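Here the structure is a predicted model, which is why all the values come from computation and not from measurement.
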Amino acid sequence: DALPIYAVLGVTPRFDKASSGYILNAYSLPHVINPIEARLGSSAASLYPVLNFLLYVPDYSHSPLYIQDHDGSPVVSNAFHSPRWGGIMVYNVNYSSAEEHVFPVRVDIDMVRVMEVFLTQLRLLFGISKVSVPTDFQMESPGDDGLADWELDRLLWTRTVENIATVTNTMTSLAQLLNQIGRA
């Protein structure tokens, strides 16, 4: 469900003269999630965790707003994700002048671009990374599903191996415990 909420970032972006915009550096991004988390009322520690995908439209006074990577370069998607939480995309609106607008301002959002970013974040959160293949190979396109059959197979195989490792450790610990109880 889409929930229109108003939230402050929790950090103050700094003005960058070179880009004539505001910058959020990678080190401040964890501080962006906390105030939003409080507004959403969800928790990563919940028994029923929720993945959040938020589109943040900066207000006029902090626009345009750009995300910088750890090395100071701009993030092309202007988005970031946090494991077990979800992702946030900053969507800049072209405010020509505050005096020309009657607020609230109508914002047209390119949802194809936004959903491409959110789908990429979802794939990363599921552990599906882009695979490099030799140039003479042909890759199956996921199409509208967002996930190719082989990617689903790989994801299921990985989860199965993780579950087998967990079961093996649990059974080994249980066998050791039963042996200790049997000797007592």
On a heavy-atom basis, which atom in [X] and which in [Y] lie closest, and how many Å separate them?
X   : Y    : result
F80 : Q121 : O-NE2, 3.0 Å
L54 : W85  : CD1-CH2, 3.5 Å
Y66 : N92  : CE2-ND2, 3.8 Å
P64 : S20  : CD-O, 3.7 Å
A79 : M89  : CB-CA, 3.7 Å

Residues R159, E162: salt bridge by 4.0 Å N-O rule: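 A salt bridge links R159 with E162.
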Would [X] and [Y] show up in the same hydrophobic cluster when neighbours are defined by side-chain heavy atoms closer than 4.5 Å?
X    : Y    : answer
M111 : L122 : yes
I23  : I88  : no
L51  : M115 : yes
V32  : L124 : no

Using the ring of each side chain (for Trp, its six-membered ring), is F118 parallel, tilted or perpendicular to F53, with breaks at 30° and 60°?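 Tilted.
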Are the side chains of [Y] and [X] in contact, using a 4.5 Å heavy-atom criterion?
X    : Y    : value
H81  : L125 : yes
N179 : L177 : no
Y91  : D110 : yes

Flag yes if more than 12 heavy atoms outside M171 fall under 6.0 Å of its CE atom; otherwise flag no.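 Counting other residues, nucleotides and ligands, CE of M171 stays at 12 neighbours or fewer.
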Could you give the distance from [atom1] ([X]) to [atom2] ([Y]), rounded to the nearest 0.5 Å?
X    : Y    : atom1 : atom2 : result
D108 : N94  : CG    : CG    : 11.5 Å
S82  : N52  : OG    : CG    : 10.0 Å
I128 : T158 : CD1   : OG1   : 9.0 Å

Against I164, only a single residue in T160, T166, V167 fulfils side chain to side chain contact (heavy atoms under 4.5 Å, CB included); can you say which?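 The passing option is T160.
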My understanding is that only one of L24, L65, V90, V117 makes a side chain to side chain contact (heavy atoms under 4.5 Å, CB included) with N78; could you say which?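 With N78 as partner, side chain to side chain contact (heavy atoms under 4.5 Å, CB included) holds for just one option, V90.
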Donor-acceptor check, side chain of [X] to backbone of [Y], threshold 3.5 angstrom: yes or no?
X    : Y    : result
N25  : Y27  : yes
Y22  : P58  : no
D149 : L152 : no

Is the closest side-chain donor-acceptor distance between S19 and D16 under 3.5 Å?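 There is such a pair (donor and acceptor under 3.5 Å, judged by atom type) between the side chains of S19 and D16.
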